[in-house]
There are 2 protein chains.
Amino acid sequence: MLTTTSEPFFALEVAIFRMCHHQLYVYLQPMLNQPETVWSIVNGGIDLVHDKNIDNSVRRLIESAIGVESPYIEQVKTIGNATRHPQGWMVAAVYYGVISQSVNLPLDNWFAVNQLEKHDLAFDHLALIYSCLKRIKDKAQYTSVPLHMMPPEFTLTDLQHCFETILLSNIEKKSFRRRILDAGLIVPLDKERRGRSRPAQLYRVKRGHIIHHFSRKMHGKSKDFA
Amino acid sequence: MLTTTSEPFFALEVAIFRMCHHQLYVYLQPMLNQPETVWSIVNGGIDLVHDKNIDNSVRRLIESAIGVESPYIEQVKTIGNATRHPQGWMVAAVYYGVISQSVNLPLDNWFAVNQLEKHDLAFDHLALIYSCLKRIKDKAQYTSVPLHMMPPEFTLTDLQHCFETILLSNIEKKSFRRRILDAGLIVPLDKERRGRSRPAQLYRVKRGHIIHHFSRKMHGKSKDFA
DNA sequence: GCAATAGTGTCTGTCAGACACTATGAC
DNA sequence: GTCATAGTGTCTGACAGACACTATTGC
């Protein structure tokens, strides 16, 4: 029995998410040298000279792909097997990153996550995106992670919509407000947003916020799909 | 500016835990070619020919190190940087695995986790073990993972001690029993354990148990250390 | 009887879910 | 006034924490 100890290929795979019009989008790149357009999530290797650690590499990949920094990245898992890539044994650390809704980026190359089946995705990238979506959905149930997707000023209703979009469910308004306000995660501004009805209090995220863990999960009622 | 795209070294690092006398132990191996004895957690590379995926490799490493299978392994994180290993840029997927208390293994090479500072551990292995301990502690707060460390027959008090050892805190008996029994994770046997006081009902884990997620965390009161 | 451990009854507090209610703007 | 959306009051139910209580054994 022969044991091979040579190194597997190693790559980083990053699903970058943004929120737009009550819809989650993921950033995809066209793969080169393909007869038909095949789309892939952001990926790349480690720059052994310049990167200090993996998170560093991921931030670099995100910024060089979309031109803006991500306020929150998270490692989802590391997978590795002989079948996911035609080149052979391949290990990949899978991350997701989010960007703020305020960033004024065109929607080119951003794909609504509920329409991904219509497109041709590279390798196992569809499954990787789903793993990341599951993770951010789980996190939305018991942490404040979705706050990182909000613009600098937002209303509680905006924030609720953001959570609901990630959770694919409707949250009860009073519970949601109590939870967020009691946790002290956001700060009211001296401003309101005026529209065609009662003005809404504007908030910003409290300085230093990274992640808050709630003591209980929030579930909501599953959304019916149109 | 030059960009290096060659591959980093890749390794698996596995902290194997067992419970013994209300104490968590981790399995360490002496590193070869060291003037003084330096201890390391189980580690190795991927067998590109025989391993189907990373979990497979981890199970292989565990079994070849201690001779028994682990009923539960979990990937904790993947780290990578230029400084953790003298060989240079190194990526490591960090796992922990647990084994059943029933396994009749001598305690050779098993180290109490609260005594690790007394020993000389390789590289960043102490930090890796602490990451794994933190993870299993977190999991003990809201899942049934510690059940995998129990022998085939155990009492509720045994189980509570197992949780308490991992959590480093004392749990209120009634709450604990209610939580475990209401979740339906264990099955009473037609047996009792008799000692020098009232006999205790024996249980086994329900077939098919892998992990149960409770809806709330359990905290307990921090143990005073002697 | 006593000591030791197993196991229960039951109250409290916290917080999510539900839902009806009021408030304030545009028109 | 109506419509739309913001925001509140308050009851319920689930479940963890606390803690005193009873139960069953060995001695």
Side-chain angles (χ1 to χ4, degrees), chain A residues 22 138-144 146 153-164 167-203 212-223, chain B residues 22 138-144 146 153-164 167-203 212-223:
Chain A
H22 300 195
D138 285 350
K139 286 282 169 114
Q141 281 181 16
Y142 62 92
T143 75
S144 60
E153 300 183 357
F154 55 88
T155 67
L156 273 169
T157 302
D158 293 342
L159 184 60
Q160 181 172 341
H161 288 322
C162 177
F163 274 82
E164 287 177 334
L167 290 169
L168 299 173
S169 61
N170 297 305
I171 306 166
E172 212 288 318
K173 182 167 55 167
K174 187 65 199 289
S175 309
F176 180 75
R177 284 162 181 256
R178 197 174 37 209
R179 188 170 158 105
I180 298 294
L181 292 174
D182 287 359
L185 304 174
I186 60 176
V187 181
L189 299 171
D190 235 351
K191 285 190 198 176
E192 293 182 329
R193 178 188 296 161
R194 308 184 86 82
R196 59 183 176 288
S197 73
R198 177 172 170 174
Q201 176 67 50
L202 283 166
Y203 294 86
H212 176 83
H213 287 257
F214 295 96
S215 67
R216 299 193 199 172
K217 286 192 186 181
M218 185 177 54
H219 294 99
K221 296 206 300 195
S222 184
K223 267 183 183 158
Chain B
H22 300 194
D138 284 349
K139 286 281 168 117
Q141 282 182 15
Y142 61 94
T143 75
S144 59
E153 300 182 356
F154 55 87
T155 67
L156 273 169
T157 302
D158 293 342
L159 184 59
Q160 181 172 343
H161 288 322
C162 177
F163 273 84
E164 287 176 335
L167 289 169
L168 299 173
S169 59
N170 297 305
I171 306 167
E172 210 291 316
K173 181 167 58 165
K174 186 66 198 289
S175 310
F176 180 76
R177 285 160 182 257
R178 198 174 36 207
R179 188 171 159 106
I180 298 294
L181 292 173
D182 288 358
L185 303 174
I186 60 177
V187 181
L189 298 171
D190 237 351
K191 285 188 196 177
E192 292 182 329
R193 178 188 297 162
R194 306 184 86 83
R196 59 184 176 287
S197 72
R198 176 172 172 175
Q201 176 66 51
L202 283 166
Y203 294 86
H212 175 83
H213 287 257
F214 295 97
S215 67
R216 298 195 202 171
K217 286 191 184 180
M218 187 177 52
H219 294 99
K221 295 206 299 194
S222 184
K223 268 184 181 155

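To find a chain, count down the sequence lines: A is the first, B the second, and so on, and within it residues start at 1. Values reported hereafter were calculated over all heavy atoms of this structure, with side chains retained and with hydrogens, waters and symmetry mates removed.
A:His161 places none of its side-chain heavy atoms less than 4.5 Å from the side chain of A:Ile171. Side-chain contact between A:Phe154 and A:Ile186 is present, with at least one heavy-atom pair separated by less than 4.5 Å.
Taking the side-chain contact (heavy atoms from CB on, under 4.5 Å) definition, one finds that A:Ser197 meets it with nothing, sequence neighbours left out. Partners of A:Ser175 under the side-chain contact (heavy atoms from CB on, under 4.5 Å) rule, at least two apart in sequence or in another chain, are A:Glu172, A:Arg178. For B:Lys217, there are no salt bridge (charged side-chain N to carboxylate O under 4.0 Å, His left out) partners, not counting sequence neighbours.
At the heavy-atom level, B:Thr157 lies under 4.0 Å from the strands shown only through sugar-phosphate atoms.
Across the protein-nucleic acid pair, A:Arg177 atom CZ and D:dG9 atom C1' stand 14 Å apart, rounded to whole Å. Taking atom CZ of A:Arg193 as the reference point, atom C1' of C:dA26 lies 16 Å away to the nearest angstrom. In this structure, the CZ atom of A:Phe154 is 14 Å from the P atom of D:dA6, given to the nearest Å. If you measure from atom CG of B:Leu181 to atom P of D:dC15, you get 14 Å, rounded to the nearest angstrom. One can place CD of B:Gln201 at 19 Å from P of C:dT5, the figure rounded to the nearest angstrom. In this entry the distance linking CG of B:Asp158 with P of C:dG7 reads 10 Å, nearest Å.
Judged as a salt bridge (Lys or Arg N to Asp or Glu O under 4.0 Å), the pairs with a partner in residues 179-193 of chain B (not counting sequence neighbours) are, in order, B:Glu153-B:Lys191, B:Asp158-B:Arg193, B:Glu192-B:Arg194.
Under the ring-ring contact (aromatic ring centres under 6.0 Å, His included) test applied with B:Phe163, the options B:Tyr142, B:Phe176, B:Phe214 reduce to a single match, B:Phe176.
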Close N/O contacts between protein and nucleotides 23-27 of chain D (under 3.5 Å):
unit_1, atom_1, unit_2, atom_2, d
D:dA23, O4', B:Arg198, NH1, 3.3
D:dA23, N3, B:Arg198, NH1, 3.0
D:dT24, O2, B:Arg198, N, 3.4

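In plain terms, the two heavy atoms of B:Ala183 and B:His212 that are nearest each other are CB-NE2, 3.8 Å.
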- request: Summarise protein proximity over nucleotides 11-20 of chain C in one line of letters, 5' to 3': B for base, S for sugar-phosphate only, - for none, counting protein heavy atoms closer than 4.0 Å.
  value: --BBBBBBB-
